[in-house]
Amino acid sequence: MQTGAGAENPFWPYVEPVIRYLQKPYWLFRTYDIRNDLRPDLISGLTVAVILLPQAIAFAIIADLPPQMGLYAGIIGAIIGALWCSSTQMQTGPTNAMSLLVFGALVGVVEPGPEYIVAAGIMSVMAGFMQLLMGLARLGMLVNFVSHSVVVGFSTGAGILIAVRQLNTFFGLELPRVGALETVYNVVVNLPQAHLATTLIGAGSIILIVLFRWLSDKIPNALFTMVIASVIVFLFGLDSQGVATIGELPSQLPPWAGLPLNDLELISRISTGALAVGAIGLVQTMAISRSVAAQTGQRIDSNQEFVGQGIANIFSGLFSGYSLSGSFARTAVNFKSGARTPMAALFSGLFVLIALLTITPLAAFLPRTALAGVLIVTAYGMIDKAEIMRMIQSRGGDAIIMLVTLFGTLFLRIEFAVLTGIILSLVLYIQRTSTPRVQAVLPDDDFSHFTYQPNKASCVQLAVIEIKGDLYFGAVNHVEDFILDHAANNPGQRYLLLRMHNVNHIDFSGIHMLENIVRTYRDKGGDVFMVRVNYRVRAVMESSGFDTFFGEVGFVEEDKAIGHLFYRELDPAICIYECPHKVFKECQNLPKRMDLIPAANLLSNNAQNVDLISASSLWNLLNVEQDLPKPLILDVREPREYRRGHIIQAQSFPLSNLIQDPSQVPTESQLILVCRSGRRSRRAATALQEYGIYDFEILDGGMQEWEAQGLMEAIDR
């Protein structure tokens, strides 16, 4: 029972999760264990800050933004992300992929200069509001509909573009900003004009990073490389000899940006880019948080993660930063450094803030070519060659999505490339769910499992079909077409057993489809049965009235299904005289009289002018009307069926004996032929008429009708 302030508020179920998501900082500080967690969190925060400081500057350059915007974004992202995100290890801040996406979404849409910087801030706020609203609306599951292939394709394309865009800076060339292929061509053509000192520092930076990584992965290679490059520029006065530097950075707290959030014209121009930035940011963040959670055992709340990323992006834009997302590299370092709680990320932001206020004047000698070298190495690491090859070798839709996103990133506007990849992911999902795997299955050699065996002979009376997917409006036509086509190709299979254990959802379209299938089989004298119906599916069947139409007897237990159908529904005469296969376990001890098949006319149901007698009339004739002569009842079923239950006055006279030698049939009394359903009795009638015997009747409905009326039977033990 709900108690408290929200007990009588009808909106409380909607308000409660919003309050819970927004008050996470309260619980973070309230439950923080200073004695056990403070020291490891401080160490991890300092370690990450050493990496974040140079990355923030470098990533801002990728976005064509002032370096200080990267620092502001790094500080705010780390602190706000720690307070509101779900993952205990997540490091939120500027990333190479987000930076390139921001650049691709703004270049050509907004003029370089102050408006470009303002647009980057507004884009961060727009993306943040989208993420925040999705989280508060509990739409975190939507991120699952974006294929991993989109991320791989975008990351690969982004890595290539980042490296290509750094070539001008790396060689000290002043060339126009054009596409990837044109940039490579222009650099190659103008390579003789490269600035020698700039090129040597850039190349040396790459060598130093590789060397530091070879020595130890614990060395902050980017920071050390940038410090060494800055010292060289300072000692040799290379800044006055044409080596471009960052210049002095402002030593201040992240300032209020004063964004014109009412500029609807600018907002409309960058809205598509903001959508792509928000979507990719969430996909990238969730992939990172789940990857780390798999090692820590933490349960990730995707909605809380959306809220945290949204608030971080909003604050980053409002305080002179730009768009953020989770960082895989910094999150991995945070985890390996022993971080215990999100406070480690908060400490990393505070350490970068301290550095911003104290040591940023030293950035005046930081050469841009060294940053270019750092970014080229980083870009190379973004290209996951092994994953790309796996996708290509799989030859599935994922490879197509990855390649489309990759080439779109290289040659189209980046936000359109990303959104195209996302749309293709949704199309692939719809295609896969709307065409679930539907297959006819048969028992394996041990009769323990049903498997797809297209080269194995099937039962001529019973089809067993497995549905591997949900029966919703988008999938029912595919499922129905398969079942009806299978029925048309196997006209003798009048009975259908549906294996439903992989159907987790059904809607009204699915109910209508099943009703049509049932009518189709019943119209041709058969029926449909189901096993392992999910409780959620069964609930929909009951609420829609399908269970009443279908009948409770149609839901059978899986272990008893074949036995039930074999002994109660299938025609043993077909099994014995017409089917050469032993498909089910129940068939193994069944005699096969295929030698009688050449007498096809005897196995037909072409008896003419045969009279039928109802079960009640036969009962009265045998037990009530004493003055009338008693007929001779011949039970033409198999002896095992006869022993299991028969009319007391009936004699066992199997159909095989009657077909082989009709002369053995007594003719001194009127005959009444009895079988399970009446089908074998008609075959016996055909044989008798061929022999010249016409004075007989058939029990209408056979023993099924006799039992349905509750009439007495004899059982042979």
(request) Could you walk me through whether Phe29 and Leu83 pass side-chain contact (heavy atoms from CB on, under 4.5 Å), step by step? (result) CA-CA 9 Å; Phe29 289 114; Leu83 294 177; 3.8 Å; yes
(request) State, with a plain yes or no, whether a side-chain heavy atom of Gln55 is found less than 4.5 Å away from one of Pro94. (result) no
(request) For the residue pair Thr420 and Val404, establish whether any side-chain heavy-atom pair is separated by less than 4.5 Å. (result) yes
(message) Strictly distance-based, threshold 3.5 Å: is any side-chain N or O of Gln284 a donor or acceptor partner for the main-chain N or O of Val151?
(response) no
(request) Could you tell me whether the side chain of Thr95 and the main chain of Met98 form a donor-acceptor pair under 3.5 Å? (result) yes
(request) Flag yes if more than 12 heavy atoms outside Phe411 fall under 6.0 Å of its CZ atom; otherwise flag no. (result) yes
(request) Work out which heavy atom in Gly317 is nearest to a heavy atom in Ala257; give both atom names and the distance. (result) O-CB, 3.6 Å
(message) Quick check against the 3.5 Å criterion: does Ser124 have a side-chain atom that pairs as donor or acceptor with the backbone of Gly121?
(response) no
(message) I want to check something: taking the side chain as every heavy atom from C-beta on, are Ile383 and Ile388 in contact at a cut-off of under 4.5 Å?
(response) yes
(request) Provide the closest heavy-atom pair for Ala180 versus Val164 in the form atom of the first, atom of the second, distance. (result) O-CG1, 3.7 Å
(message) More than 12 heavy atoms of other residues, nucleotides or ligands under 6.0 Å from CZ of Phe129: yes or no?
(response) no
(message) How long is the straight-line distance from CE of Met130 back to CG of Leu282, given to the nearest 0.5 Å?
(response) 5.5 Å
(message) Quick one, Gln304 and Cys85 - any side-chain contact, counting heavy atoms below 4.5 Å?
(response) no
(request) Verify, without hydrogens or angle tests, whether Arg138 (side chain) and Asn303 (backbone) share a donor-acceptor contact under 3.5 angstrom. (result) no
(request) Look up atom CD1 in Ile201 and atom CD1 in Ile232, then write down how far apart they are to the nearest 0.5 Å. (result) 6.5 Å
(message) Other residues, nucleotides and ligands only: do more than 12 of their heavy atoms fall within 6.0 Å of OH on Tyr32?
(response) yes
(message) Please find the pair of heavy atoms, one from Ala127 and one from Val277, that lie closest to each other, and give the distance.
(response) CB-CG1, 4.1 Å
(request) Determine, stepwise, if the pair Ile401 / Val152 fulfils side-chain contact (heavy atoms from CB on, under 4.5 Å). (result) CA-CA 10 Å; Ile401 293 174; Val152 173; over 6 Å; no
(message) Show the nearest heavy-atom pair for residues Gln298 and Thr88, with the distance to one decimal.
(response) OE1-N, 3.1 Å
(message) What's the separation between atom CD1 in Ile280 and atom OG1 in Thr405, rounded to the nearest 0.5 Å?
(response) 8.0 Å
(request) State whether the side chain of Arg368 and the backbone N or O of Ala244 hold a donor-acceptor pair below 3.5 Å, judged by distance alone. (result) no
(request) Give a yes or no answer on whether the side chain of Asn313 reaches the backbone of Leu324 with a donor-acceptor pair at less than 3.5 Å. (result) yes
(request) Taking the side chain as every heavy atom from C-beta outward, state whether Asn221 and Leu211 have any atom pair closer than 4.5 Å. (result) no
(request) To the nearest 0.5 Å, tell me how far Met286 CE sits from Ser302 OG. (result) 5.0 Å
(request) Please report the shortest heavy-atom distance between Leu100 and Arg165, naming the atom on each side. (result) CD1-CD, 4.4 Å
(request) Tell me, yes or no, whether the heavy-atom count around Phe315 atom CZ, taken from other residues, nucleotides or ligands under 6.0 Å, exceeds 12. (result) no
(request) If a pair satisfies ring pair (Phe, Tyr, Trp, His ring centres under 6.0 Å) and one of its residues is in residues 48-77, list it, with sequence neighbours excluded. (result) none
(request) To the nearest 0.5 angstrom, please state how far the OG1 atom of Thr156 sits from the CZ atom of Phe407. (result) 10.5 Å
Side-chain atoms of residues 335-348: list all donor-acceptor pairs with protein atoms under 3.5 Å, sequence neighbours left out, distances to 0.1 Å.
{"residue": "Ser337", "atom": "OG", "partner": "Val333", "partner atom": "O", "Å": "2.7"}
{"residue": "Arg340", "atom": "NH1", "partner": "Asn36", "partner atom": "O", "Å": "3.0"}
{"residue": "Arg340", "atom": "NH1", "partner": "Asp37", "partner atom": "OD1", "Å": "3.2"}
{"residue": "Thr341", "atom": "OG1", "partner": "Asp41", "partner atom": "OD2", "Å": "2.6"}
{"residue": "Thr341", "atom": "OG1", "partner": "Met343", "partner atom": "N", "Å": "3.1"}
{"residue": "Ser348", "atom": "OG", "partner": "Gln91", "partner atom": "OE1", "Å": "3.4"}
{"residue": "Ser348", "atom": "OG", "partner": "Ala345", "partner atom": "O", "Å": "2.5"}

(request) Drop me the distance from Met382's CE to Leu161's CG, to the nearest 0.5 angstrom. (result) 9.5 Å
(message) Are there over 12 heavy-atom neighbours, none belonging to Glu182, within less than 6.0 Å of that residue's CD?
(response) yes
(message) Test: ring pair (Phe, Tyr, Trp, His ring centres under 6.0 Å). Region: residues 246-268. Which pairs qualify, not counting sequence neighbours?
(response) Trp256-Phe319
(request) Please answer whether the main-chain N or O of Ser86 pairs with a side-chain N or O of Glu305 as donor and acceptor at a distance below 3.5 Å. (result) yes
(request) Would you check, one step at a time, whether the test side-chain contact (heavy atoms from CB on, under 4.5 Å) holds for Phe154 with Leu101? (result) CA-CA 9 Å; Phe154 172 67; Leu101 188 52; 3.9 Å; yes
(message) Any non-hydrogen side-chain atom of Thr92 less than 4.5 Å from a side-chain atom of Thr285?
(response) no
(message) Has Ser316 got a side-chain atom pairing as donor or acceptor with Ala312's backbone, closer than 3.5 angstrom?
(response) no
(message) What verdict does the side-chain contact (heavy atoms from CB on, under 4.5 Å) test give for Ile122 and Ile267, after you've listed the backbone C-alpha separation in whole Å, the side-chain angles of each residue and the deciding distance to 0.1 Å?
(response) CA-CA 8 Å; Ile122 294 178; Ile267 289 175; 4.0 Å; yes
(message) For the backbone of Leu266 and the side chain of Asp263, can you confirm whether one donor and one acceptor N or O come within less than 3.5 Å of each other?
(response) yes
(message) Can a donor-acceptor pair be found, under 3.5 Å and without considering hydrogens, that links the side chain of Asn190 to the backbone of Asn186?
(response) yes
(message) Show the nearest heavy-atom pair for residues Leu259 and Val118, with the distance to one decimal.
(response) CD2-O, 3.8 Å
(request) Flag the pair Phe171 / Thr198 as yes when at least one side-chain heavy-atom distance between them is below 4.5 Å, and no otherwise. (result) no
(message) So for atom OH, which belongs to Tyr116, do other residues, nucleotides or ligands contribute more than 12 heavy atoms lying within a distance under 6.0 Å?
(response) yes
(message) What I'd like to find out is whether the side chain of Val283 reaches to under 4.5 Å of the side chain of Val150, using heavy atoms alone.
(response) no
